[in-house]
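Below, chains carry the letters A, B, ... as their sequence lines are ordered, and counting in each starts from 1.
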Amino acid sequence: MSIKKELFVYNSIQRKKEKFEPINEGFIGMYVCGPTVYSDVHLGNVRTFVSFDIIYRFLCYLGYKVRYVRNITDVGHLLDDGEDRMSKGAKAENLEPMEVAQKYTNGFHDMMRIFNTLQPSIEPRATGHILEQIEMVQDIINNGYGYEKNGSVYFDTVKFAEEKKTYGQLSGRVIDELMAESRSDLKNQSEKKHPSDFAIWMKASDDHLMKWNSPWSVGFPGWHLECSVMSTKYLGETFDIHGGGNDLKFPHHENEIAQNVGACNCQPCRYWLHTNMLLMNGRKMSKSDGNTITPEELMTGDSPHVSQGYDPMVLRFFMLQTHYASTLDITDDALKASEKGYKRLMQAWQVLQKLETTGAGNSEDEDVTRLCDMVLEDMCDDFNAPKALSRLFELVPKINSYKEGHLDVNQLSADALRLLKETFSGFIFDVFGLKDVLSAGGADNGNVMDGLMGLITELRQGARENKDWSTSDKIRDSLAALNIQLKDGKDGTSWTIN
RNA sequence: GGUCGCGUGGCCGAGCGGUUAGGCAGAGGUCUGCAAAACCUUGUACAGCGGUUCGAAUCCGCUCGCGACCUCCA
């Protein structure tokens, strides 16, 4: 069932917000540049993939059938000295290149699971598509945009720019400037016609570990090629959405476009979405100056940058409070605030689940339905999760008031209450991808826990009725030490795990 | 140096021409055996200087500050 709502997205290549219209009604093809698996997952990766996870989830929520392709780059990524990242990792650790790739792919998958991201529909690997990459190189050569030199093949950016007038459109670059500024000592510059040309096939040196046969040499594909090839293979020559981190705009995405246009004379996609960078304490994360924190350190609190460990769901909530296209600045204070906000939201959900109405009136309906509608509307406005979240928070005091009797829950029709419940669970869990870690602890033995807590609160209630405050306070304090918080309300005592 | 973006109350962070964002922290109150939780009330912020406009945080210009990309990067 699809939800009738117009979606608007900020299209990086047009530099403006546009109405989203899929190529095939009801279906969406989305390609997101995945990680290069040569080292442990960086926290910045997490932010990017969580952002696209929310976008993917929301598109599904709207009723689209989405094919979500996110690649694993396990070859073809050059370092400054021309060495492949995978080979370098392998030599350093004395492992097979594929062993390195597998190890970090596993680590990446573990982290994605920890942060509760959905798996992509297809997760192709660059090394699994060498033949297709060779074919695309040939296509590019046939179309006159590639030339061979000493066994390597380069993309002719100058000719392409002159004929197609699109090179530099995405990143806002002018080829004259690129020529003037490219470093001349990198990547076999002497073999290129122009410094801005880039390799689409590289001849391998004798000691290079990862190499394949090709019409030009025993070598390996250039970095940008695998995305052009795999997106085309699984989503078609032109598909709907291409995403990635802001830092990939140039050169990666720019060159990807050049390759696709150069090979098939068509744009790879209609909408380019770019997520912004993750900062810490106002600066880009950088290993060299110590301004960095790993996902593990963030969870355990084992870092000078944080005062405590944070649950992955707290970090996910924290990310939701900032638009995907804005920089996100991690600070300990901001994380602490998010932790409290997250718990407040989850507790409201627990309260909401238990609410029932006789539907005697409907004076509350208007407020509630309006806010629920706005949650959807905000997400349809370029996936504005922070704004949508704020609507949910406007509903929190209402939910609590219904429970406490400050507002009459019976002034809510059954339909409106159902909408409220569906909106909360739909957005918090299905779209935002949060998990309720507050109640998750007792999920397996919920009945035992409920029974025990029922017994304890009953005993404490007896003590309270006898004004035996020392006993009732001892129970409360002892439970507090176990992170179980008692809340004495009008209708008895409730409890939550913190 | 080139290209692009950003500067919002104590902190984080939406808004992008006129209407309460929201979270966290703070203050006052209600409730409570005391607490906690919850609820109610409360803050009059948009880097600076000009300009456009009936009206600007929101548009334009300049100044200052910050960041990203230009080289591997999510």
Do A:D367 and A:R370 meet the salt-bridge criterion of a basic N to acidic O distance under 4.0 Å?
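Salt bridge between A:R370 and A:D367, a charged N being under 4.0 Å from a carboxylate O: yes.
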Qualifying residue for side-chain contact (heavy atoms from CB on, under 4.5 Å) with A:R460, from A:L479, A:T471, A:L486
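Among the candidates, only A:L486 passes.
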Test applied, side-chain contact (heavy atoms from CB on, under 4.5 Å); reference residue, A:F220; option that passes from A:Q133, A:M210, A:M202:
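When A:Q133, A:M210, A:M202 are each tested with A:F220, the side-chain contact (heavy atoms from CB on, under 4.5 Å) holds only for A:M202.
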[atom1] atoms of [N] and [M], separation to the nearest Å:
{"N": "B:U58", "M": "B:G18", "atom1": "P", "value": "11 Å"}
{"N": "B:A36", "M": "B:G26", "atom1": "P", "value": "11 Å"}
{"N": "B:G13", "M": "B:A21", "atom1": "C1'", "value": "10 Å"}

I'd like to know if [X] reaches the base of [N] with its side chain, counting only an N/O donor and acceptor under 3.5 Å.
{"X": "A:R476", "N": "B:A35", "result": "yes"}
{"X": "A:D378", "N": "B:G15", "result": "no"}
{"X": "A:S326", "N": "B:G5", "result": "no"}

Taking the nucleotide of RNA chain B with the closest heavy atom to each, which residue, A:D329 or A:E404, is nearer the 5' end?
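Final value for this comparison: A:D329.
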Nearest-nucleotide 5' precedence on RNA chain B, A:K467 against A:G244:
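Closer to the 5' end of RNA chain B: A:K467.
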Could you identify the nucleotide paired to [N], looking across every strand shown and requiring Watson-Crick or G-U wobble geometry with both distances under 3.5 Å?
{"N": "B:A38", "value": "B:U30"}
{"N": "B:A56", "value": "none"}
{"N": "B:C69", "value": "B:G2"}
{"N": "B:C64", "value": "B:G7"}

Ignoring backbone atoms, test whether A:N400 places a side-chain nitrogen or oxygen under 4.0 Å from the OP1 or OP2 oxygen of B:C39.
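Yes, because at least one side-chain N or O of A:N400 sits under 4.0 Å from OP1 or OP2 of B:C39.
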What's the closest nucleotide to the [X] side chain, out of [options]?
{"X": "A:F250", "options": "B:A14, B:C69, B:G67", "result": "B:C69"}
{"X": "A:N246", "options": "B:A74, B:A68, B:G15", "result": "B:A68"}
{"X": "A:R283", "options": "B:A74, B:C39, B:G67", "result": "B:G67"}
{"X": "A:R173", "options": "B:G33, B:G2, B:A14", "result": "B:G2"}
{"X": "A:D488", "options": "B:A74, B:A35, B:C70", "result": "B:A35"}
{"X": "A:L248", "options": "B:C39, B:A74, B:G33", "result": "B:A74"}
{"X": "A:F318", "options": "B:A74, B:C12, B:G15", "result": "B:C12"}

Please work out which of the three classes, parallel, tilted or perpendicular, describes the rings of A:Y68 and A:Y56, given edges at 30° and 60°.
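Rings of A:Y56 and A:Y68: tilted, as their planes differ by 30° to 60°.
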Do you see a donor-acceptor pair shorter than 3.5 Å between the side chains of A:N255 and A:Y167?
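Yes - a donor-acceptor pair under 3.5 Å links their side chains.
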Of A:D53, A:N116, A:D311, which meets side chain to side chain donor-acceptor pair (under 3.5 Å) against A:R316?
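Of all the options given, the one that passes is A:D53.
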Mind checking [X] for me? I need base, sugar-phosphate or nothing, with any heavy atom below 4.0 Å counting as a touch.
{"X": "A:H323", "value": "sugar-phosphate"}
{"X": "A:L407", "value": "nothing"}
{"X": "A:G44", "value": "base"}
{"X": "A:N384", "value": "sugar-phosphate"}
{"X": "A:S401", "value": "sugar-phosphate"}

Separation of atom CG in A:D53 from atom P in B:A74, rounded to whole Å:
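Atom CG in A:D53 sits about 18 Å away from atom P in B:A74.
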Between B:A21 atom C1' and A:L395 atom CG, what is the distance in whole Å?
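Rounding to the nearest Å, CG of A:L395 and C1' of B:A21 are 13 Å apart.
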Below 3.5 Å between N/O atoms, which protein atoms pair up with nucleotides 22-31 of chain B? Just atom names and distances, please.
{"unit_1": "B:A25", "atom_1": "OP1", "unit_2": "A:K340", "atom_2": "NZ", "d": "2.7"}

Relative to A:F432, does A:R57 satisfy both conditions: NZ or CZ under 6.0 angstrom from the six-membered ring centre, and within 45 degrees of the ring's axis?
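No; the conditions do not both hold, so A:R57 does not lie above the ring face of A:F432.
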Check whether NZ of the Lys or CZ of the Arg A:R344 lies under 6.0 Å from the centre of the six-membered ring of A:F393 and within 45 degrees of that ring's axis.
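No; the conditions do not both hold, so A:R344 does not lie above the ring face of A:F393.
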Is the centre of the A:F198 ring less than 6.0 Å from the centre of the A:Y154 ring?
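No; A:Y154 has its ring centre 6.0 Å or more from that of A:F198.
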